[in-house]
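Counting begins at 1 with the first residue of the sequence.
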Amino acid sequence: MDALQIPESEMISRQIETARGLANDHYIGSDRYDEEREALLFSAWSGIAFASDVPHPGDAMPIDFAGLPLLLLRDHDGEINVFQNTCRHRGMILVEEKCNLRGTIRCPYHSWCYNLDGTLRATPHVGGPGVNYDENVDRRNLSLFPIKTHVWRDVVFVNISGDAPEFDDYADAIKERWKEHEKPLFAPGGSSSFEFDVACNWKLAVENYCESYHLPWIHPGLNSYSRLEDHYHIEEPGCFSGQGTMVYRQIEGERGERFPDFEGLSEFWNKGAEYIAFYPNVLFAAQRDHAYAILLLPKGPGRTVERVEINYPFDPKDRPDLSKLIESNAKQWYGVLEEDLFVVEGMQRGRHGLLFDGGKFAPKMDGPNYLFHLWAADRMSSRKLRLAAE
């Protein structure tokens with residue numbers, strides 16, 4: 001059989017020693033991208049934004065998530081909601097730009113109005129000029145389409161299909177692993193929130209992040225004190241994978257100042273730090289004195305926007321003495337993450353090589369990466385079986 005035609009189900013049955021990775025089409029094919037959108041992104045819990053994007057009641061932000069128009073907003077009670085950003089009348093986009101809606105979502109086309117909970121409350125002239133009611137337009141059945149939503153570590157997760165397990169069950173393994181880090185997070189914004197527009201498939205960013213094999217060549221500065229041999233694999237099949245280090249080094253200011261630690265951490269976190277790809281598209285870091293999350297937002301088979309938010313265990317507004325250190329930390333992480341861009345873009349270009357057969361995994365080094373391939377292949381195969389049975 002041609003290597004490029006090996007079905008996902010066959011790859012699932014293999015061990016890492018003999019397995020090949022996902023074929024080129026998973027990275028460059030438009031039809032495959034559409035299939036993966038349903039199987040990997042919409043049927044799981046995907047990260048689409050940060051809760052800090054909408055800090056005040058009434059704040060709203062439109063989001064294009066893999067081509068699906070969504071509306072993120074915070075209601076009067078401070079709760080985060082996500083709806084499809086589509087009017088129930090003629091399908092008009094409701095909100096075009098980030099704004100504060102106060103109390104009303106108004107369609108710019110015919111002024112149908114919705115409450116912040118998505119319920120339809122006004123239909124001007126729907127029954128003719130000056131008549132705002134029509135017996136054939138039942139407002140009770142015309143609320144905005146709600147999207148299943150959960151916020152964890154300031155990341156807004158959504159389950160588009162609506163049939164994934166509850167988030168606490170879906171994320172049980174990572175929440176248990178990082179239960180010591182269930183602490184309040186504060187986002188300073190500014191330079192601590194940044195993004196990269198990258199010419200690669202979103203999966204390549206996951207694959208690069210969850211392995212430490214590339215550190216000596218791609219991150220020489222980081223590798224100078226956190227060497228390859230200081231790292232270990234993190235492997236939770238079907239949920240997440242990544243890497244950890246035993247020699248995490250805190251950033252220091254010119255006068256030796258450091259960030260305060262998250263309270264109540266065990267001794268492990270004095271030197272340990274972990275970097276996990278939580279499937280499908282959120283990259284997390286847990287460290288003693290700050291954290292971050294990276295959202296991988298697909299814009300097509302060969303383009304991804306990476307949104308980065310750095311968080312702290314203290315409110316930066318209360319610690320102006322640490323403002324310079326916060327800036328230095330953001331600059332440092334920007335530099336480290338930027339070093340990966342030519343790699344993922346290079347792999348994307350390489351996937352156009354017709355003879356590439358999915359690649360060979362290094363069994364001792366690529367375990368976390370391999371698990372992500374297994375997860376993706378398994379979900380793709382499950383989708384095909386489900387469609388065949390329908």
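- Taking the centre of each ring, Tyr27 and His352 stay at or above the 6.0 Å mark.
- The distance between the ring centers of Phe83 and Phe145 does not fall below 6.0 angstrom.
- Checking Ser192 against Glu309 by side-chain atom types alone, no donor-acceptor pair falls below 3.5 Å.
- No close placement of the Trp178 and Phe278 rings is indicated, their centers lying 6.0 Å or farther apart.
- The pair Glu274-Arg177 counts as a salt bridge, with a side-chain nitrogen and a carboxylate oxygen less than 4.0 angstrom apart.
- Between Lys324 and Glu254 there is no salt bridge, since no side-chain N of the basic residue sits under 4.0 Å from a carboxylate O of the acidic one.
- Here the NE2-NZ distance, from His181 to Lys175, works out to 15.0 Å after rounding to the nearest 0.5 Å.
- Under 3.5 Å, the side chains of Glu211 and His233 contain no donor-acceptor pair of N or O atoms.
- A pairwise comparison of heavy atoms in Tyr33 and Pro298 identifies OH-CB, 3.5 Å as the closest pair.
- At distances below 3.5 Å, at least one donor-acceptor pair connects side-chain atoms of Asn281 with backbone N or O atoms of Leu296.
- Panel note: side chain Trp45, backbone Pro165; a donor-acceptor pair is recorded below 3.5 Å.
- At a cut-off of 3.5 Å, with distance as the only test, a side-chain donor of Asp138 or Asn141 sits close to an acceptor on the other residue.
- Taking the six-membered ring for Trp and the full ring otherwise, Tyr334 and Phe194 have centroids separated by under 6.0 Å.
- Of the possible donor and acceptor atoms, one in the side chain of Asp230 sits under 3.5 Å from a partner among the backbone N and O of Arg227.
- Contact check on Asp59 versus Arg74 returns no salt bridge, with no Lys/Arg side-chain nitrogen under 4.0 Å from an Asp/Glu carboxylate oxygen.
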